[in-house]
Student: 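The structure's right below; bear with me while I get my questions together.
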Amino acid sequence: MLDERLLEQYAELLGNEGLLEMYETFSDNIRGYVDTLNWLLAQRDEVETRRQAHKLKGACRSVGLRQLARTMESVEREAWTWEQVEPQIKEWVAELPIHQAQLRRWLSARGIE
């Protein structure tokens, strides 16, 4: 689930404070991104849904959540129908807290809190 190698590189480059700042920025913004994505799904706006998926992909990659980023990359780039993508996004939203908890545990294990 986590790109630990990337996180280790960030820790070396940015230090613990910088890494914690990245995580906090992600945590502060992710709910709004998800709310926007859900609204776009309800509107059935494909172009903007793909743009929002791009934002979510980048946000997830920035904190090492590669599995979540891959899902958003497929929403952004691949062909899909609303009947296909809606359950995929609902599952993604449901799994987000699990991935965030894993990231928090990883940070905590390194004394980054």
Side-chain angles (χ1 to χ4, degrees):
M1 281 199 254
L2 282 180
D3 187 344
E4 292 184 23
R5 187 170 149 235
L6 176 70
L7 292 170
E8 292 288 350
Q9 289 173 343
Y10 283 160
E12 286 178 30
L13 289 170
L14 304 171
N16 288 352
E17 285 183 35
L19 193 55
L20 181 59
E21 229 176 272
M22 283 179 61
Y23 172 74
E24 289 173 346
T25 299
F26 173 84
S27 292
D28 290 345
N29 293 311
I30 196 67
R31 182 80 281 170
Y33 286 177
V34 169
D35 289 346
T36 299
L37 180 64
N38 285 327
W39 185 82
L40 291 166
L41 281 174
Q43 301 303 308
R44 298 248 172 167
D45 186 332
E46 183 176 345
V47 170
E48 291 303 317
T49 296
R50 290 179 185 278
R51 284 189 180 137
Q52 194 65 17
H54 175 78
K55 289 179 187 177
L56 283 159
K57 174 189 73 176
C60 290
R61 280 190 179 155
S62 74
V63 292
L65 298 175
R66 67 175 167 214
Q67 184 177 340
L68 294 177
R70 277 195 295 266
T71 301
M72 283 298 116
E73 183 171 20
S74 74
V75 172
E76 174 192 10
R77 295 184 179 185
E78 295 177 12
W80 46 259
T81 65
W82 291 108
E83 291 74 24
Q84 293 168 324
V85 82
E86 285 176 333
Q88 183 180 17
I89 289 175
K90 287 181 195 281
E91 182 179 339
W92 186 95
V93 170
E95 290 178 357
L96 176 62
I98 297 165
H99 292 258
Q100 282 183 275
Q102 183 184 24
L103 177 54
R104 280 193 306 272
R105 283 190 302 274
W106 186 91
L107 292 168
S108 182
R110 280 148 188 81
I112 304 170
E113 299 184 62

Student: To the nearest 0.5 Å, what is the distance between CG on L107 and CD on Q102?
Tutor: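 One gets 11.0 Å once the value is rounded to the nearest 0.5 Å.
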Student: With a 4.5 Å cut-off on side-chain heavy-atom distances among I, L, V, M, F, W and Y, is there a chain of contacts connecting V47 to I89?
Tutor: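 No; tracing contacts between hydrophobic side chains, which count when under 4.5 Å, never links both residues.
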Student: Please list all pairs meeting salt bridge (charged side-chain N to carboxylate O under 4.0 Å, His left out) that have one or both residues in residues 101-113, counting only residues at least two apart or in different chains.
Tutor: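 Sorted pair list: E8-R110.
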Student: Might you confirm whether atom CD of E17 has over 12 heavy atoms from other residues, nucleotides or ligands at distances under 6.0 Å?
Tutor: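 Atom CD in E17 is not packed in, count stays at 12 or less.
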Student: Scan for salt bridge (charged side-chain N to carboxylate O under 4.0 Å, His left out) pairs involving residues 20-36, sequence neighbours excluded, and state none if there are none.
Tutor: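 Every pair satisfying salt bridge (charged side-chain N to carboxylate O under 4.0 Å, His left out) with a residue in residues 20-36: R31-D35.
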Student: Compare all side-chain heavy atoms of L56 with those of V34 and state whether any distance is below 4.5 angstrom.
Tutor: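 Yes - at least one pair of side-chain heavy atoms lies under 4.5 Å apart.
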Student: For T25, which residues count as a side chain to side chain donor-acceptor pair (under 3.5 Å) partner, sequence neighbours excluded?
Tutor: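 T25 satisfies side chain to side chain donor-acceptor pair (under 3.5 Å) with no residue once adjacent residues are dropped.
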Student: Looking at residues at least two apart in the chain, or sitting in another chain, which of them share a side chain to side chain donor-acceptor pair (under 3.5 Å) with Q88?
Tutor: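 Side chain to side chain donor-acceptor pair (under 3.5 Å) list for Q88, sorted by chain: S74.
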Student: Who clusters with I98? Use side-chain heavy atoms, under 4.5 angstrom, across I, L, V, M, F, W and Y, and order the result by chain and number.
Tutor: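 Once heavy-atom contacts under 4.5 Å are chained together, I98 belongs with M1.
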Student: Please round to the nearest 0.5 Å and tell me the distance separating atom NZ of K57 and atom CG of L68.
Tutor: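 Interatomic distance, K57 NZ to L68 CG, rounded to 0.5 Å: 14.0 Å.
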Student: Which pairs with one or both residues in residues 4-26 pass ring-ring contact (aromatic ring centres under 6.0 Å, His included), sequence neighbours excluded?
Tutor: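 Not a single pair qualifies under ring-ring contact (aromatic ring centres under 6.0 Å, His included).
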Student: Can you sort out the partners of Q100 under side chain to side chain donor-acceptor pair (under 3.5 Å), two or more places apart, ordered by chain and number?
Tutor: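 Here no residue qualifies.
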Student: Nearest 0.5 Å, please: how far is CE in M72 from SG in C60?
Tutor: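 The distance works out to 7.5 Å.
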Student: Mind checking what makes salt bridge (charged side-chain N to carboxylate O under 4.0 Å, His left out) contact with E46, not counting sequence neighbours?
Tutor: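 Residues passing salt bridge (charged side-chain N to carboxylate O under 4.0 Å, His left out) with E46: R50.
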Student: With a cut-off of 6.0 Å (strictly less than), are more than 12 heavy atoms of other residues, nucleotides or ligands near CZ of R44?
Tutor: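 Yes - once you tally the heavy atoms of other residues, nucleotides and ligands closer than 6.0 Å, there are more than 12.
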Student: Kindly compute the distance separating OG (S27) from CG (L20), expressed to the nearest 0.5 Å.
Tutor: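 Rounded to the nearest 0.5 Å, the OG-CG separation comes out at 9.0 Å.
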Student: What heavy-atom pair brings L7 and L19 nearest, and what distance separates the two atoms?
Tutor: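 Distance-wise, the nearest heavy atoms are O-CD2, 4.0 Å.
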Student: Would you please name every residue forming a salt bridge (charged side-chain N to carboxylate O under 4.0 Å, His left out) with E73, sequence neighbours left out?
Tutor: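 Testing E73 for salt bridge (charged side-chain N to carboxylate O under 4.0 Å, His left out), a comparison that skips the adjacent residues, returns R61, R77.
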Student: Can you list every ring-ring contact (aromatic ring centres under 6.0 Å, His included) pair that touches residues 39-94, not counting sequence neighbours?
Tutor: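 Checked against ring-ring contact (aromatic ring centres under 6.0 Å, His included) - neighbours excluded - the pairs reaching residues 39-94 are W80-W82.
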Student: According to side chain to side chain donor-acceptor pair (under 3.5 Å), who are the partners of E48, at least two apart in sequence or on a separate chain?
Tutor: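 In terms of side chain to side chain donor-acceptor pair (under 3.5 Å), with neighbours along the sequence ignored, E48 is linked to R51.
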Student: Enter the distance from L6:CG to L65:CG here, rounded to the nearest 0.5 Å.
Tutor: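 Between atom CG of L6 and atom CG of L65 there are 10.0 Å.
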Student: To the closest 0.5 Å, what do you measure between NZ (K55) and CD1 (I30)?
Tutor: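 One gets 11.5 Å once the value is rounded to the nearest 0.5 Å.
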Student: Excluding sequence neighbours, so at least two apart, what forms side-chain contact (heavy atoms from CB on, under 4.5 Å) with T36?
Tutor: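 Testing T36 for side-chain contact (heavy atoms from CB on, under 4.5 Å), a comparison that skips the adjacent residues, returns L40, Q52.
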Student: Which pair of non-hydrogen atoms, one from M22 and one from V63, has the smallest distance, and what is that distance?
Tutor: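 So the two residues come closest at O-CG1, 3.9 Å.
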